[in-house]
Amino acid sequence: MDLPRIQDDAELEQLKASEDLVEIVAGPSLRFDPRLDPDRRYCRPWTREFLDDLSTSYYNRFHQQIQVNSAVRTVKIQKKLRRHNRNAAPAEGEIASSHLAGITVDIQRRGLSREQIKWVQDYMRHRKDQGLIEPEEERHQWVFHVMVSGRYTDWRESKMLAGEQPIPDASETAELPQQ
C-alpha cells in the first residue's frame with residue numbers, strides 16, 4: 001500500500017493532526033484493553049470503518065463488545081515490544097509490522113466462546129475472500145491480527161449504496177491461517 005512506517009511520536013502526532021490517522025472510539029459495541037495507551041488508539045480511516053462494522057455486527061449477534069488490544073505503533077514502540085514479545089514482527093524490512101502504518105488492529109480472542117470465535121472467523125473470511133482484509137489468528141497472544149486494505153471504504157460504500165449492510169452471508173465458514 002506504500003504507506004510510510006511511523007517512526008516516532010512526532011510523526012504519529014502529525015498523522016493525527018492531518019487526519020491520516022483517526023481515533024478509534026469506544027462505545028456500546030467496542031472497548032479497549034485498558035493497557036492500550038490512549039495515544040495508540042488510532043488507525044487509518046478504512047481500518048476504523050472495518051472495526052465499526054465488525055463490532056456493530058458482533059454486538060447485534062452476541063450483545064457483547066469486541067475488544068481492541070492493539071492498534072497503531074511507532075517503530076520505536078515496535079522495537080521495544082520485540083524485546084519482550086517473541087511473536088512481534090520486526091520494525092524494519094520486508095516483513096515489518098503493519099501496525100506501523102496504522103492499517104492493523106489486534107482483536108481480543110481470549111475469553112470468546114467457540115461459537116463467537118467461529119462467528120468472527122466467518123465474518124472475516126468473507127472479507128478476506130474479497131481481498132479487503134488479511135486476518136491471522138495469533139496463538140501466543142490469543143488475538144485476531146487484522147490488516148485492512150485501503151479498498152475497504154469503496155467496498156463498504158458500494159454495499160450501502162446497494163441498500164445492503166456490509167455483513168457476510170451466514171452460511172460461510174472457514175478457518176483462518178494460524179500465525
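Just so we're clear, the structure is a prediction, and the values are computed from it rather than from any experiment.
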Within the 3.5 Å criterion, strictly below it, is a donor on T74 or E11 matched to an acceptor on the partner's side chain?
no
Check this for me, if you would: do R40 and D9 make a salt bridge, where the nitrogen-to-carboxylate-oxygen distance has to be below 4.0 angstrom?
yes
Test item: S18 side-chain N/O and L15 main-chain N/O as donor-acceptor pair under 3.5 Å: yes
Considering only heavy atoms from C-beta outward, does the side chain of K16 approach that of D39 to under 4.5 Å? yes
Using side chain to side chain contact (heavy atoms under 4.5 Å, CB included), reason through T47 and T104 one step at a time and then give a plain yes or no.
CA-CA 7 Å; T47 303; T104 299; over 6 Å; no
### Query
If two hydrophobic side chains count as joined below 4.5 Å and joins carry through other members, does V143 share a cluster with M147?
no
Original post:
So, Y58 and Q116: side-chain donor and acceptor under 3.5 Å apart, yes or no?
Top reply: yes
Kindly indicate whether the side chain of L21, heavy atoms from C-beta on, has any atom under 4.5 Å from the side chain of L12. yes
For Y42, the ring pair (Phe, Tyr, Trp, His ring centres under 6.0 Å) test, sequence neighbours excluded, returns none
**Item:** side chain to side chain contact (heavy atoms under 4.5 Å, CB included) assessment of F144 paired with I117
**Value:** CA-CA 10 Å; F144 295 102; I117 290 171; 4.2 Å; yes
| query | Going through the checks in order, is the salt bridge (Lys or Arg N to Asp or Glu O under 4.0 Å) test met by E136 and K128? | reply | CA-CA 10 Å; E136 292 182 5; K128 177 182 174 48; over 6 Å; no
Item to complete: Would you indicate whether the side-chain heavy atoms of Q64 and Y59 approach each other to under 4.5 Å?
Response: no
| Is the shortest distance from a Lys or Arg side-chain nitrogen in E137 or R109 to a carboxylate oxygen in the other one below 4.0 Å? | yes
Notebook entry, point to check: If Ile, Leu, Val, Met, Phe, Trp and Tyr residues are connected whenever their side-chain heavy atoms lie under 4.5 Å apart, and connections chain through other members, are L54 and F62 in the same group?
Noted result: yes
Heavy-atom nearest pair, R44 first then I103, reads CG-CG2, 3.6 Å
*asked:* If hydrophobic clusters are built from ILVMFWY residues whose side chains come within less than 4.5 Å, do V22 and V72 share one?
replied: no
Review point. Quick one: are the ring centres of W119 and Y123 less than 6.0 Å apart?
Key: yes
* Under 3.5 Å, is there a donor-acceptor pair linking the side chains of W142 and Q108? -> no
*Are Y152 and V120 connected in the hydrophobic side-chain network, where two residues link if heavy atoms are under 4.5 Å apart?*
yes
Between V68 and L30 the two heavy atoms that sit nearest each other are CG2-CD1, 3.6 Å
With sequence neighbours left out, the residues meeting side chain to side chain donor-acceptor pair (under 3.5 Å) with Q67 are R31, N69
